[in-house]
Amino acid sequence: MVAAPGENLRVNGDRLWDSLMDMAKIGPGVAGGNNRQTLTDVDKQGRDLFKSWCDAAGLTMGVDKMGTMFATRPGTDLDALPVYIGSHLDTQPTGGKFDGVLGVLAGLEVVRSLNDLGIETKHPIVVTNWTNEEGARFAPAMVASGVFAGVHTLEYAYERKDPDGKTFGDELKRIGWLGDEEVGARKMHAYFEYHIEQGPILEAEDKQIGVVTHGQGLWWLEFTLTGREAHTGSTPMNMRVNAGLAMGRILEAVQTVAMDNQPGCVGGVGQVFFSPNSRNVLPGKVVFTVDIRSPDQAKLDAMRARIEKEAAAICEKLGVGCSVEAVGHFDPVTFDPKLVASVRKAADDLGYSHMDIISGAGHDACWTARVAPTVMIMCPCVGGLSHNEAEDISKEWASAGADVLLRAVLETAEIAG
Ligand code: HGY
Ligand code: MN
Ligand code: MN
């Protein structure tokens with residue numbers, strides 16, 4: 001018996017969970033998570049698996065010049081713009097099984113459920129896998145959705161280099177996922193992204209669903225400090241040009257600036273390169289990226305200005321050269337109030353506990369919001385932990401969010417007939 005549209009529509013939570021576990025087998029980490037970095041051979045394997053599932057669900061695959069995958073379920077109205085459901089299959093080097101993957105495979109599950117229920121929609125539905133959301137191998141993060149939204153050029157993206165000096169463009173070609181669609185040529189009726197919270201709030205508040213109203217903004221400031229390589233044993237302390245010490249003091253300054261701007265601001269450093277990175281050589285060069293974020297534009301920009309000013313003063317005092325380049329940025333984003341209301345209503349209708357929330361992490365939705373009505377849905381994650389192989393969610397949490405996604409997408413894509 002096919003459930004009449006609008007009745008107690010829910011996804012097949014077991015099937016969604018099985019797909020998540022099958023995808024997690026590709027690019028396993030060393031501690032139960034994943035290392036499926038963008039444009040690697042395992043990213044290719046993950047893409048190939050996703051495409052096989054899309055083929056089996058009767059979807060038509062399109063790929064653009066950034067390698068982003070668009071799997072389309074046709075609608076009944078040939079003039080209607082599609083409703084997109086997307087996220088990313090690439091992971092951090094020590095990533096979890098659910099960051100990004102949940103959103104792509106929940107989109108596929110929505111389509112699979114509509115197929116099972118024999119429901120047609122007026123607007124087509126497109127399940128999307130954005131290339132390089134993480135920005136771990138190639139900075140910046142969300143680079144493909146950034147090109148799609150007109151924030152970056154294709155040439156800029158193709159030139160991005162990984163730590164081994166390989167370029168994005170070459171690696172995309174090498175894995176065989178360079179598509180022919182112009183990036184950004186597709187127009188969206190709406191864009192939905194379902195994602196784990198990657199923070200502690202929903203679990204702590206015992207809420208099943210996060211109705212995401214805003215996303216915080218971000219700066220990635222790449223500092224290059226120039227010291228003088230010297231012997232760590234025989235060089236007197238007063239003769240050192242110590243770029244490592246300068247870095248340490250700048251990290252302390254970042255912490256102080258973030259703490260001075262509580263609540264609602266964060267700052268830290270996740271990546272450092274020492275050169276020559278030898279135990280008994282003072283570094284000649286130190287490169288590190290400061291990651292600062294806030295939902296408040298003025299605070300975000302003020303933090304950046306203060307950090308850059310204090311870093312320059314620290315380096316001057318130590319005689320260390322200092323240059324800084326913004327290698328990642330997006331302003332705080334407000335999601336579409338009408339779509340936010342539809343997500344909230346869907347959670348209510350399904351009887352799921354929910355709360356409004358601001359996304360602490362960046363997502364492709366932060367860029368699509370510039371070109372289409374966009375909204376996010378979140379589920380809790382255990383201990384708020386993410387970007388860690390121990391990242392974990394429950395099957396119930398996964399399917400509750402997917403149920404909300406199904407219902408909100410259906411309301412937007414309109415059931416045909
Ligand atoms: O950095 C972020 O917020 C996302 O994980 N790319
Ligand atoms: Mn993500
Ligand atoms: Mn991530």
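For ligands, and for the atoms within them, numbers begin at 1 and follow the listed sequence.
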Checklist entry - Do you know which two heavy atoms are closest between Thr72 and Pro124, and how far apart they sit? => result CG2-CB, 4.3 Å

Item to check | Any N, O or S atom of His195 closer than 2.8 Å to the Mn ion (ligand 2) | outcome: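 Yes, since at least one N, O or S atom of His195 sits under 2.8 Å from the Mn ion (ligand 2).
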
Is the distance between the ring centroids of [X] and [Y] under 6.0 Å?
X: Trp130; Y: His88; value: no
X: Tyr194; Y: Trp397; value: no
X: Phe138; Y: Phe168; value: yes
X: Trp367; Y: Phe330; value: yes

Checklist entry - Can you say whether the rings of His123 and His189 are parallel (under 30°), tilted (30 to 60°) or perpendicular (over 60°)? => result parallel

Write none if no such pair exists; otherwise list each N/O atom of ligand 1 with its protein N/O partner under 3.5 Å and the distance.
unit_1, atom_1, unit_2, atom_2, d
ligand 1, 1 (O), Arg293, NH2, 2.8
ligand 1, 3 (O), Arg293, NH1, 2.6
ligand 1, 3 (O), Arg293, NH2, 3.3
ligand 1, 3 (O), Gly362, N, 2.7
ligand 1, 5 (O), Glu134, OE1, 3.3
ligand 1, 5 (O), His387, NE2, 3.2
ligand 1, 6 (N), Glu133, OE1, 3.4
ligand 1, 6 (N), Glu133, OE2, 3.0

Next on the checklist: Restricting to side chain to side chain donor-acceptor pair (under 3.5 Å), what partner residues turn up for Asp364, sequence neighbours left out?
Outcome noted: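 Side chain to side chain donor-acceptor pair (under 3.5 Å) check on Asp364 returns Ser145.
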
Item to check | All side-chain contact (heavy atoms from CB on, under 4.5 Å) counterparts of Cys322, not counting sequence neighbours | outcome: Phe223, Leu225, Cys315

Checklist entry - How about the Mn ion (ligand 3), which protein N, O or S atoms come within less than 2.8 Å? => result Asp99 OD2, Glu134 OE1, Glu134 OE2, His387 NE2

Checklist entry - Taking atom OG1 of Thr153 and atom CD of Glu159, what is their separation to the nearest 0.5 Å? => result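 These two atoms lie 7.0 Å from each other.
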
Next on the checklist: Just to verify, which of Val127, Leu406, Asp403 counts as forming a side chain to side chain contact (heavy atoms under 4.5 Å, CB included) with Val110?
Outcome noted: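 Of all the options given, the one that passes is Leu406.
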
